[in-house]
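Since this is a predicted model, take the numbers as computed values, not measurements. Throughout, residue positions are numbered sequentially from 1 according to the sequence presented.
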Amino acid sequence: MPLLSSQPIGKYAVLETSIKLYIESLPKLLALFWILAAIFSVEWGLALLPSVLDRNADAVSIIETIQTILWLPTMLCLFWAYACMVQRFDSVAKGREESFKQVFTIGVKKIWPLFLATLLPSILVGLTGMMMIGTVSFIPMLISTVLSGADNSIVMGISMVIGVVLGAYLAAAIAVSLAFYPYFVVIDALPAYASLQASCKLAWGHVISAAVIYLAPTLVAALLCAAADSLTEGWGADGQTSVIREVVYGVWIVCVGSYFCALSYVQFHDLKLRQSNVAAACGVIEPETSASEHARYR
């Protein structure tokens, strides 16, 4: 039975399919998990070294220099790992057999377009934060001016709620709109800017429903993370507790991050089906990437 439906599915079915895809893909993701664990181990080791060296100024300075040098290679490795995960999920969902060497090669080719495509969303996230702060700050002043005779505490409470809701919607809209560009880069072989355009177009009109689908796993992950934090609080001696916690958090980040990659993949497929159905109903033929373009970007 194929994992992916040929027709759009509901929210619960998206979650169910993503869990099935994640479980079925786990054996083929173990090598990636080990590589990610190695990357995070280096980062954790460098982060914990200052406490081990009793805050020696020279040692801390050297460690900070090493961390700065390793920042870019670490980010590129994470882009590679994410591209490999997307490719793995796609091959498992569509029943393709691919060796690790093939996946590795595709991941390397996708590092640069993913890096470029991530720069613009990073800027937008910063601007969104500023807009949210501005929204939350401006709306209370506006409502207070309009309702100058009302109880000031009630006015401030209502205006703050409105500001937070609008700010949260704006953040969710941008996050969902830009959630699918890695899949356009890896699966549809689009260049960086075209993948961002395609992601925004795909999510248009589905921001709320897509955000709701992400909400339940996010709440579950947060609760489990809090439980893990409380369980590991007293583990080990004073010098060991932080190391144990970092290991637990690292494993948790890899597992949860890879699941959300699977969830986004299923949403990506479902939204593309919805987009195709709308285009067919309107009599519009969606342009497809030609074979020559696909080969060029692959």
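Closest approach of Ser5 and Gln7 over heavy atoms only: OG-O, 2.8 Å. Taking all atoms of both residues into account, the shortest heavy-atom contact from Ala173 to Val207 is CA-CG1, 3.5 Å. Here the closest heavy-atom approach between residue Ala83 and residue Gly107 is recorded as CB-CA, 3.9 Å. Nearest heavy-atom pair, Ala192 versus Ala117, reported as atom, atom and distance to 0.1 Å: CB-N, 3.7 Å. Closest heavy-atom contact between Ser99 and Arg88: C-NH2, 4.0 Å. For the pair Ser258 and Met85, the tightest heavy-atom approach, listed with the atom from each and the gap, is CB-SD, 3.5 Å.
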For this session: Begin with the C-alpha distance, continue with both residues' side-chain angles, and end with the deciding distance and a verdict on side chain to side chain contact (heavy atoms under 4.5 Å, CB included) for Tyr22 and Cys255.
Result: CA-CA 10 Å; Tyr22 181 68; Cys255 293; 3.9 Å; yes
For this session: Would you sort out whether Glu97 and Lys28 count as a side chain to side chain contact (heavy atoms under 4.5 Å, CB included), showing the intermediate values?
Result: CA-CA 11 Å; Glu97 288 295 332; Lys28 296 185 177 182; 3.6 Å; yes
For this session: Take Tyr259 and Val254 through the test side chain to side chain contact (heavy atoms under 4.5 Å, CB included) and record every step on the way to the result.
Result: CA-CA 9 Å; Tyr259 168 71; Val254 171; over 6 Å; no
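The residues Asp188 and Lys272 are annotated as salt-bridged, a charged nitrogen and a carboxylate oxygen being separated by less than 4.0 angstrom. Of the charged side-chain nitrogens involved, none lies within less than 4.0 Å of a carboxylate oxygen, so that Glu24 and Lys20 do not count as a salt-bridged pair.
Panel note: side chain Ser177, backbone Cys200; no donor-acceptor pair is recorded below 3.5 Å. Of the possible donor and acceptor atoms, none in the side chain of Tyr181 sits under 3.5 Å from a partner among the backbone N and O of Gln197. A donor-acceptor pair under 3.5 Å links the side-chain atoms of Ser18 to the main chain of Leu15, judged by distance alone.
In this structure, Ile35 CD1 and Cys84 SG are separated by 7.5 Å, a value rounded to the nearest 0.5 Å. Here Lys201 contributes atom NZ and Leu271 contributes atom CG; the two are 13.5 Å apart, rounded to the nearest 0.5 Å. Going from atom CD1 of Ile9 over to atom NE2 of His269 covers 7.5 Å, rounded to the nearest 0.5 Å.
Side chains of Ile187 and Lys94 form a contact here, defined as non-hydrogen atoms less than 4.5 Å apart. Using a 4.5 Å heavy-atom threshold, the side chains of Ile111 and Leu76 count as touching. Between Pro182 and Leu114, the closest side-chain pair of non-hydrogen atoms falls below 4.5 Å. Side-chain contact between Leu4 and Tyr265 is present, with at least one heavy-atom pair separated by less than 4.5 Å. Using a 4.5 Å heavy-atom cutoff, the side chains of Arg274 and Pro8 are in contact.
In this structure, Trp80 has its ring center under 6.0 Å from that of Phe104.
Note on Phe89 and Leu32: same hydrophobic cluster, where clusters join Ile, Leu, Val, Met, Phe, Trp and Tyr whose side-chain heavy atoms are under 4.5 Å apart, directly or indirectly. The same ILVMFWY cluster, assembled from side-chain heavy atoms under 4.5 Å apart, contains both Val86 and Trp112. One hydrophobic cluster, built from ILVMFWY side chains closer than 4.5 Å, holds both Leu116 and Leu72. The hydrophobic cluster containing Leu119 also contains Leu78, counting ILVMFWY residues as joined when their side-chain heavy atoms lie under 4.5 angstrom apart, directly or transitively. No continuous path of hydrophobic side-chain contacts links Leu3 to Leu273 [ILVMFWY only; heavy atoms under 4.5 Å].
Atom CZ of Phe100 sits in a crowded spot, with more than 12 heavy atoms from other residues, nucleotides or ligands closer than 6.0 Å.
Annotation: side chain to side chain donor-acceptor pair (under 3.5 Å) contacts of Glu98 (sequence neighbours excluded): Gln87, Arg96. Contacts of Phe268 classified as ring-ring contact (aromatic ring centres under 6.0 Å, His included), with partners at least two apart in sequence or in another chain: Tyr183, Phe184.
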Under 3.5 Å, side-chain donor or acceptor atoms of residues 212-224 against the rest of the protein: list the pairs with distances, not counting sequence neighbours.
residue, atom, partner, partner atom, Å
Tyr214, OH, Ser264, OG, 2.7
Thr218, OG1, Tyr214, O, 2.7

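Partner Gln267 forms a side-chain contact (heavy atoms from CB on, under 4.5 Å) with one of Val14, Val176, Leu202 and no other, that one being Val14.
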